[in-house]
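To start, the structure under review is shown below, and the notes come after it.
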There are 2 protein chains.
Amino acid sequence: MATRTAAALREEARAAYDAFVKECPTSQLLARISDKWVGLVLSALGEAEQGSMRYSELGRKIPGVSQKMLTQTLRSLERDGIVTRTVTATVPVRVDYRLTELGGSLGCLLSSVKQWAENHFDEVSAHRDAYDEAAATA
Amino acid sequence: MATRTAAALREEARAAYDAFVKECPTSQLLARISDKWVGLVLSALGEAEQGSMRYSELGRKIPGVSQKMLTQTLRSLERDGIVTRTVTATVPVRVDYRLTELGGSLGCLLSSVKQWAENHFDEVSAHRDAYDEAAATA
DNA sequence: CTGAATCCCACATGATACTG
DNA sequence: CAGTATCATGTGGGATTCAG
């Protein structure tokens, strides 16, 4: 038939996407670090007094994170060289996470983003109310 | 029956989530601004020479964004008072987006995050390769 | 204690087509 | 040009259970 099938078109699209990713891989990285959990984890580690935190400490410090997301996020950060993972073979096991130097530089940035959110929440909230009211009136 | 239905459980979970959101609304805001598209839009607007950009300019400047996501992101940013939307009733219509003062302060931060991604991509990439190889060897 | 593995689904996002 | 509407899909992410 003259037209390609939907599946073929999807294949093509995927191939094009892969090519794009190769061309612009930083977009990938940006997406990775533009993640709520990444921001919270790095902020927490950045603020840690000893510079390192245990798995369960992180879980308690970060509101609403599930085991799965915490583990997943930490693994991904470890893979990217942002954090180090240190296992102490005691009973029970103890695992500490610490920012690498590379991670520290990113942690600063993300902390300031988190700070921004906290500092400007009221302002944003007011804008939202105004916007919604205007829409309701119209 | 003794156990609650799946639907009821979901209802409960949603209620708990809503309660949590009320308690910690900045987490909401952080999730909003920790978004790939938000970062790219604000970076683009921050770098704009006239300080403002048209809808289609943004679409061209930001690689891989769909109309839907661009519109959605811009609306959300407008609602939050991060950008302003100006319609010029010419033919064809012209719509410009510009950072507000509030948006400017956030734009700086997100631009530096984007910069970080671009500057450290090679380093992260090297870490990934090392990590993956170690995993393959083991 | 620190995960790994599985199931499951709601939602975010993308592609496409249409409109003022 | 700047959207809106609709549909299809992938996946993020929670709950649960098992393991070292």
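By convention in this document, chain letters (A, B, ...) are assigned in the order of the sequence lines, proteins followed by strands, and residues within each chain are numbered from 1.
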Inset, instruction - Tell me, with the steps shown, if Tyr131(B) and Arg79(A) meet side chain to side chain donor-acceptor pair (under 3.5 Å). - result: CA-CA 6 Å; Tyr131(B) 185 93; Arg79(A) 185 167 104 100; over 6 Å; no

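Contact annotation for Gln67(A): base contact, defined as any heavy-atom pair under 4.0 Å involving a base atom.
With respect to the salt-bridge test (charged N to carboxylate O, under 4.0 angstrom), the residues Arg128(A) and Glu123(A) do not qualify. With respect to the salt-bridge test (charged N to carboxylate O, under 4.0 angstrom), the residues Asp96(B) and Arg94(B) qualify.
Across the protein-nucleic acid pair, Leu70(A) atom CG and dC1(C) atom P stand 14 Å apart, rounded to whole Å. Arg60(A) has its CZ atom 8 Å from the P atom of dT2(C), to the nearest Å. Between the CD atom of Gln72(A) and the P atom of dG3(C) there is a distance of 14 Å, given to the nearest Å. Distance, Leu40(B) CG to dT13(C) P: 13 Å, rounded to whole Å. In this structure, the NZ atom of Lys36(A) is 8 Å from the P atom of dG14(D), given to the nearest Å.
When each of dC1(D), dG14(C), dG3(C) is scored by its nearest atom to the side-chain atoms of Tyr55(A), the top-ranked nucleotide is dG3(C).
Using a 4.0 Å cut-off on heavy atoms, the residues of residues 84-93 of chain A that approach DNA chain C are Arg85(A), Pro92(A), Val93(A), listed by number.
Residue pairs meeting the salt bridge (charged side-chain N to carboxylate O under 4.0 Å, His left out) criterion with at least one partner in residues 104-113 of chain A, sequence neighbours excluded, do not occur; the list is empty.
In the helix from dC1(C)-dG20(D) to dG20(C)-dC1(D), the terminal helix axes, each the rotation mapping four pairs' C1' atoms onto the next four within five end pairs, subtend 50°, rounded to 10°.
For the pair Leu30(B)/Val113(A), a side-chain contact is recorded, criterion being any heavy-atom separation below 4.5 Å from C-beta on. Side-chain contact between Tyr55(B) and Leu74(B): present, with at least one pair of heavy atoms (C-beta onward) separated by less than 4.5 Å.
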